[in-house]
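Here the structure is laid out as structure tokens; the discussion comes afterwards.
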Number of protein chains: 2
Amino acid sequence: MEAAVDAFADKGYHATSTRDIAARANMSPAGVYVHFASKQDLLFQLCQRGHVLALEVVATARESADTPRAQLVAIVSAFARWHARQFSTARIVQYEFSHLTPEHRTEVLALRKQIDAVVSDVLHAGVASGDFDVPDVAVTTLALQSLTIDVARWYDPTIRRTPEAIGAAYGDLALRLVRA
Amino acid sequence: MEAAVDAFADKGYHATSTRDIAARANMSPAGVYVHFASKQDLLFQLCQRGHVLALEVVATARESADTPRAQLVAIVSAFARWHARQFSTARIVQYEFSHLTPEHRTEVLALRKQIDAVVSDVLHAGVASGDFDVPDVAVTTLALQSLTIDVARWYDPTIRRTPEAIGAAYGDLALRLVRA
DNA sequence: ATCGAAACTAAGCAAGCGCTTAGCACCGGA
DNA sequence: TCCGGTGCTAAGCGCTTGCTTAGTTTCGAT
């Protein structure tokens with residue numbers, strides 16, 4: 001699974017051959033099929049696991065704080081940090097997701113909606129309490145996720161900025177977006 | 001070229017076969033090779049053209065306004081609008097870019113840096129004039145681009161929100177990010 | 001009417017693809 | 001000591017891939 005994560009994140013699902021994956025895992029091509037039914041099955045399992053992890057990160061971050069303001073900072077900085085630290089997994093979650101078969105995609109979509117709901121809920125709470133000034137919660141939810149998701153696209157472990165610094169900076173950007 | 005744009009944006013570079021492209025253009029597979037040396041050459045030409053267009057959009061938007069504040073709104077809303085309206089081209093620019101060969105990538109990278117510089121320049125001007133409150137121009141440049149780039153990932157022409165509405169909303173979000 | 005270039009197709013080649021089959025090595029439990 | 005299940009490999013099957021070749025059609029210029 002680690003070999004497949006690296007390969008898919010590096011080259012993309014369709015550009016990765018089953019022989020690539022097997023070679024990275026020091027196996028023969030046939031050895032992979034002892035553990036996974038197909039290349040698509042492998043993507044599905046990785047994608048599902050990745051989404052579960054992402055949901056955990058977001059949910060745990062919200063529970064770590066009380067006020068909408070603190071919750072927003074916790075969620076955005078933790079999610080941005082995760083997209084940097086685990087950028088290979090995150091790339092599969094965000095960009096290889098579209099190569100799942102329709103049935104698999106529907107299944108994983110339920111997890112995506114849960115992640116979305118966590119962010120959206122905190123925004124609504126902040127607007128209700130008067131802490132946030134947000135004209136359109138849906139747009140701002142999308143914008144906050146765009147910020148963090150895009151980290152997986154540009155992050156590269158060789159850059160000087162650490163995942164922690166990215167998380168901190170993005171927490172501040174989130175507060176600006178809601179004028180808190 | 002239109003057939004290839006649609007195919008690449010829809011399924012991704014590696015998942016698209018030359019037969020797919022030919023079929024969309026109502027041609028035989030061999031007919032494509034009268035106009036393009038290879039599938040990679042086709043991607044390169046599309047990617048290059050797309051980047052030139054993107055740079056034009058950003059540069060024209062800046063020239064349409066005088067103050068850093070107005071320039072920032074013009075740039076971000078025009079760029080977001082473009083990523084929605086031309087989402088097929090934008091997907092190639094942002095997501096299929098990585099499948100260029102190293103030499104082609106280096107060439108297109110120069111255009112990307114120019115786009116980056118336009119945004120960065122406006123931020124610096126705004127900070128210097130006191131209109132913007134931005135602790136880290138590099139991070140904010142990245143964040144502004146993440147916002148607009150990600151539009152190409154989630155935009156779908158069947159949704160109710162129009163490219164114009166998205167542009168307007170994102171112009172406002174940009175002002176929030178710089179506390180203007 | 002004739003020519004040459006440009007645009008196209010039918011057919012197919014070599015290589016790589018996802019995946020299967022047949023068989024071997026290993027190992028904990030009876 | 002033997003067994004059955006598990007994890008693996010070597011070999012290869014059928015198919016698709018990017019691209020080429022040889023030949024045909026189209027058409028503006030002369």
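In what follows, chains are A, B, ... by sequence order, proteins preceding strands, each numbered from 1.
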DNA chain C: Y13(A) or V32(B), which has the more 5' nearest nucleotide?
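Its nearest nucleotide being more 5', the pick is V32(B).
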Please tell me which of the listed nucleotides, [options], lies nearest to the side chain of [X]?
X	options	value
A30(A)	dG18(C), dC19(C), dT9(D)	dT9(D)
K39(A)	dT20(C), dA7(C), dG18(C)	dG18(C)
P29(B)	dG18(C), dT17(D), dC19(D)	dC19(D)

Would you say a side-chain N or O of T18(A) is under 4.0 Å from OP1 or OP2 of dG18(C)?
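It does, given that an N or O in the side chain of T18(A) lies less than 4.0 Å from OP1 or OP2 of dG18(C).
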Residue-phosphate contact under 4.0 Å: S28(B) side-chain N/O, dA10(C) OP1/OP2
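No.
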Spell out, as yes or no, whether a donor-acceptor pair under 3.5 Å connects the side chain of S120(B) to the backbone of D116(B).
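No, the answer is negative, given that no donor and acceptor are paired below the 3.5 Å cut-off.
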I'd like to know if the side chain of E96(B) reaches the main chain of L43(B), judged simply by a donor and an acceptor atom lying under 3.5 Å from each other, with no hydrogens or angles considered.
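No; zero donor-acceptor contacts below 3.5 Å.
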For [X] and [N], what is the distance between atoms [atom1] and [atom2] respectively, to the nearest whole Å?
X	N	atom1	atom2	result
F36(A)	dG18(C)	CZ	P	15 Å
D20(A)	dA15(C)	CG	C1'	15 Å
H35(B)	dT20(D)	NE2	C1'	16 Å
M27(A)	dC8(D)	CE	C1'	8 Å
H14(B)	dG18(C)	NE2	P	12 Å
Y33(A)	dA22(C)	OH	C1'	18 Å
Q40(B)	dG18(D)	CD	P	12 Å

Given the structure, check if the side chain of R19(B) and the base of dG18(D) hold any donor-acceptor pair shorter than 3.5 Å.
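Yes, the side chain and the base share a sub-3.5 Å donor-acceptor pair.
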Indicate the ring-plane relationship of H83(A) and F79(A), choosing parallel, tilted or perpendicular according to the 30° and 60° boundaries.
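Ring orientation of H83(A) relative to F79(A): perpendicular.
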Testing F44(A), Y95(A), F97(A), Y13(A) for ring pair (Phe, Tyr, Trp, His ring centres under 6.0 Å) with F8(A), which one passes?
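Of all the options given, the one that passes is Y13(A).
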Is any NZ, NE, NH1 or NH2 atom of the basic residue among D172(A) and R176(A) found under 4.0 Å from an Asp or Glu carboxylate oxygen of the other?
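Judged by the 4.0 Å cut-off on N to carboxylate O distance, D172(A) and R176(A) do form a salt bridge.
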